[in-house]
Amino acid sequence: MPEGPSIVILKEALAKFKGKKIIEAGGNTKVVLPELEGLKVIDFKSWGKQFLICFKGFAIRVHFLLFGTYRIDERKDAKPRLFLRFANGEINFYTSSIQLIEGDLDEIYDWTADVMNPLWSAAKARKKLKAAPDMLVCDALMNQQVFSGVGNIIKNEVLFRIKVHPLSTIGALPAAKLNALVKEAVVYSFEFLEWKKKFELKKHWLAYNQKTCPRDHVPFKRKDLGKGRRRTFYCESCQVNYS
DNA sequence: ATACATGTTGGAGC
DNA sequence: GGCTCCAACATGTA
């Protein structure tokens, strides 16, 4: 469920509840929320992997982390972490992180950092990267302040696509590679979105979870790299280490 | 069956 | 204070 494009799919799927009044709400979240019954959902927004249910004066943030799921007009056996029922249907969130966000979302969220947002700014992303020359490229792509919405699959596929080794440092990247990094993070995210909608995402993976490099036909390296020690697949033959 | 995974947070320890 | 490491969370899939 988690990477940015999946949250965009959720947002689109819930459009029918926009402007609708909640007739019942609940769930086993320990987060204390305002009384929701009778309130209208003003909008659904997303910032990277975060899903935002917007009300007048506050929002509920849903983050699916690793195991989160949801059902629309259906229920699983498990107790929902949060559910909202409307006259025209219901949404159930399971095993997700819930937070109450108070205040102006435009002040809290930098929309230009979200790779899926129309306000995304490649120039700002490049600027943030240039300010951190020692950062590893594998960490840079996972950095939600720079590439909000990019996750481990997109990271692996982008690095393979632009032929850059995950342990390259940002400062050592040639300008063309830095530009390609920023550009492909967005391009791949939108391709991910289309493939995911067609339930054919996995068949397009060239590096993630793969055994052999489709370019050079040598075995992929598979190591836990970067600050988060996240699973990384890469080809030491075709992905150049700039450092 | 066992291991592993599209993620983040917060605390311990240095 | 900052950095890194690690546990915790909790469930479907291979």
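Labels below follow one simple rule: chain letters A, B, ... track the order of the sequence lines, proteins then strands, and each chain is numbered from 1.
Between A/Asp224 and A/His63, the one whose closest nucleotide on DNA chain B sits nearer the 5' end is A/Asp224. Annotation: of the two residues near DNA chain C, A/Lys202 and A/Lys79, the 5′-most nearest-nucleotide partner is A/Lys79.
As rounded to whole Å, 12 Å separates atom P of C/dT11 from atom CZ of A/Arg71. Taking atom CD of A/Gln50 as the reference point, atom C1' of B/dT9 lies 12 Å away to the nearest angstrom. Between A/Arg230 atom CZ and B/dT6 atom C1' there is a gap of 8 Å when expressed in whole angstrom units. Remark: P of B/dT8 and CD of A/Gln99 are 12 Å apart, rounded to the nearest angstrom. Atom CG in A/Asn143 sits about 13 Å away from atom C1' in B/dT8, given to the nearest Å. When rounded to the nearest whole Å, the span between CZ of A/Phe67 and P of B/dT9 equals 16 Å. Going from atom NZ of A/Lys211 over to atom C1' of C/dA14 covers 11 Å, rounded to whole Å.
For the OP1/OP2 pair of B/dT9 and a distance below 4.0 Å, the side-chain nitrogens and oxygens of A/Lys49 include no atom meeting the criterion. A/Lys76 has a side-chain polar atom (N or O) that falls below the 4.0 Å cut-off from OP1 or OP2 of C/dG12. Of the side-chain N and O atoms in A/Arg81, none sit less than 4.0 angstrom from OP1 or OP2 of C/dC9. Residue A/Arg231 places none of its side-chain N or O atoms closer than 4.0 Å to OP1 or OP2 of B/dC4. Residue A/Lys227 places at least one side-chain N or O under 4.0 Å from the OP1 or OP2 atom of C/dT4. Look at A/Arg229 and you won't find any side-chain N or O under 4.0 angstrom from OP1 or OP2 of B/dT8.
Here the separation of B/dT2 from C/dA10, taken at their P atoms, is 22 Å to the nearest Å. Taking atom C1' in both B/dT6 and C/dC5, the straight-line distance is 23 Å, to the nearest Å. Comparing C/dC6 with B/dC4, their P atoms sit 16 Å apart, to the nearest whole Å.
Which of B/dC4, C/dT4, B/dG7 sits closest to the side chain of A/Leu65 comes down to B/dG7. Proximity note for A/Glu3 (side chain, C-beta onward) versus B/dT8, B/dG7, B/dA5: the nearest is B/dG7.
Across A/Phe220, A/Tyr234, A/Tyr188, A/Tyr208, a single residue satisfies ring pair (Phe, Tyr, Trp, His ring centres under 6.0 Å) together with A/Phe160, and that is A/Phe220. Among the candidates A/Lys18, A/Lys11, A/Lys20, the single residue satisfying the salt bridge (Lys or Arg N to Asp or Glu O under 4.0 Å) test with A/Asp43 is A/Lys18.
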(request) Begin from the C-alpha positions of A/Ser97 and A/Arg61 and carry the test side-chain hydrogen bond (donor to acceptor under 3.5 Å, both in side chains) through to its verdict. (result) CA-CA 8 Å; A/Ser97 164; A/Arg61 192 206 77 165; 3.2 Å; yes

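In this model, a donor atom of one side chain and an acceptor atom of the other lie less than 3.5 Å apart for A/Lys155 and A/Thr232.
Salt bridge status for A/Glu12 with A/Lys197: present, with a side-chain N to carboxylate O gap under 4.0 Å.
A/Lys155 comes within 4.0 angstrom of nothing in the nucleic acid, heavy atoms only.
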